[in-house]
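What follows is one structure encoded as structure tokens, with my remarks underneath.
First the proteins, then the strands, lettered A, B, ... as listed; each starts at 1.
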2 protein chains.
Amino acid sequence: MFKNFRSVEKCAYGRGSFDKLGEILASRRQAQNPAMVFLVDDYFKDHPLAQKLPLQAGDHIEYIYAGGEEPKTSQIDALRDHIRQTVGLPSGVIGIGGGSLMDIAKAVALMLTNEGSSTQYQGLNLIQKPGVYHVGIPTISGTGAEVSMTAVLTGPEKKLGLKCEWTVFDQIVLDPDLVASAPRDHWFYTGMDCYIHCIESMTGHLKTLLAKPMATKPWICAGRFFWAKRLAKTPKTTKSSWWLHTSEG
Amino acid sequence: MFKNFRSVEKCAYGRGSFDKLGEILASRRQAQNPAMVFLVDDYFKDHPLAQKLPLQAGDHIEYIYAGGEEPKTSQIDALRDHIRQTVGLPSGVIGIGGGSLMDIAKAVALMLTNEGSSTQYQGLNLIQKPGVYHVGIPTISGTGAEVSMTAVLTGPEKKLGLKCEWTVFDQIVLDPDLVASAPRDHWFYTGMDCYIHCIESMTGHLKTLLAKPMATKPWICAGRFFWAKRLAKTPKTTKSSWWLHTSEG
């Protein structure tokens with residue numbers, strides 16, 4: 001099977017990279033409508049992170065509860081309509097949170113430029129037009145949603161992603177300080193998810209020669225993180241978070 | 001130091017991916033001037049690969065000798081002027097060969113849209129405008145030039161790269177069958193270059209937490225390739241080439 005993969009175009013990483021978000025967005029604010037829409041996990045509503053968002057006049061923040069079920073097509077459609085009404089067509093969408101927030105940001109970015117309901121586009125390469133510029137900023141490690149080419153949505157008929165090359169983020173920001181604040185149980189589950197995904201990629205029937213080395217190293221990084229003795233002892237330091245964060249890609 | 005790295009946008013890989021080049025280029029041929037310029041190592045002049053280039057009317061091939069010194073600024077300027085005169089501003093530039101051909105393709109793509117001599121732009125972020133669409137197709141493993149953000153050129157005053165985010169290829173095609181035909185001594189030297197670069201990335205003073213895992217795995221892949229017993233026994237198979245090819249990224 002022929003594969004021509006699109007990568008995340010730009011990646012900022014390391015401690016303090018979140019503080020550069022204003023600079024990163026500046027060049028992508030269009031003259032016509034410079035507004036950016038920030039979709040943020042509501043866990044951060046009264047968190048210091050919310051104070052650090054590089055807001056400019058006309059920007060819009062939407063705090064989203066992501067603790068329940070996975071994102072729904074109806075939720076995306078409603079959010080898209082709400083943004084269209086309040087902001088118009090923004091210069092970009094920035095998702096900040098876990099895997100659900102990443103998927104919501106990717107889906108909203110696509111649905112802002114594609115007419116109708118997101119249920120029409122659940123599947124591979126059904127999306128008709130590129131979305132608006134979109135940025136993913138994960139605050140937990142191991143979901144991999146910031147690098148995947150799908151935005152998984154539950155619809156009335158099926159649970160299936162908006163999957164195409166335009167789904168992929170234009171920019172991601174990997175700041176270990178954001179991850180270090182994640183609750184430990186969340187950390188553990190998404191980390192295990194990553195660990196198991198690596199094993200799938202390393203051993204699956206359809207594995208490729210490129211997938212194997214790309215999965216082996218993060219499997220080792222995640223494994224190192226999970227050695228029980230370390231996990232029990234390790235405080236939520238930036239460095240230990242980073243091992244898991246690094247293992248995502 | 002804040003880093004925001006641009007990646008190669010699209011990567012096609014695996015056996016037979018070179019045969020898909022026509023399909024890959026089709027969507028990037030602009031209405032105004034659909035011509036593509038193929039810059040090919042002259043090693044391939046009478047090689048079956050030359051017969052497989054997906055040429056269309058107006059396309060241009062330039063066979064380039066890369067066995068001597070590294071690419072020069074004067075060579076890039078002359079090549080750019082020649083293309084401008086014969087093709088105008090093409091839709092894209094495709095480099096096929098080793099590290100020198102990769103660097104020549106990157107530099108020519110940039111110099112087609114930036115006025116004056118390439119000597120003016122030797123350094124970091126001196127280039128003023130994005131270049132034309134450019135594709136890298138390495139025929140030897142280990143140089144890493146297909147993924148780097150620099151095009152190293154020797155000028156009258158200095159040996160320094162055209163280094164900026166626009167230098168990075170828009171598309172690369174990694175086909176192990178192309179690499180399997182490389183002469184064994186070339187293979188060995190570029191492979192060792194890759195192996196040493198990995199060690200530099202793993203141990204350098206300015207290494208980052210992301211660089212370390214990204215360098216460790218290719219170091220293992222390249223090392224596996226170089227185990228003397230294997231190297232002596234291994235014929236030029238696709239699989240063994242792939243180990244080294246994979247280690248580049």
* Can you say whether A/Val8 sits under 4.5 Å from chain B via the side chain, the backbone, both, or neither, judging by heavy atoms? -> backbone
* Is it the side chain or the backbone of A/Ile220 that comes within 4.5 Å of chain B heavy atoms, both, or neither? -> neither
* To do: Could you tell me which residues satisfy side-chain hydrogen bond (donor to acceptor under 3.5 Å, both in side chains) with B/Gln56, sequence neighbours excluded, listed by chain and number?
  => none
* To do: Scan residues 19-39 of chain A for pairs that pass salt bridge (Lys or Arg N to Asp or Glu O under 4.0 Å), counting only residues two or more places apart or in two chains.
  => A/Asp19-A/Lys52, A/Arg29-A/Asp59
* Pick from A/Gly16, A/Ala12, A/Ser17: which one has the most heavy-atom pairs with chain B under 4.5 Å? -> A/Ala12
* So, for B/Lys10 and A/Arg6, which heavy atoms are closest and what is the spacing to 0.1 Å? -> CG-CA, 4.0 Å
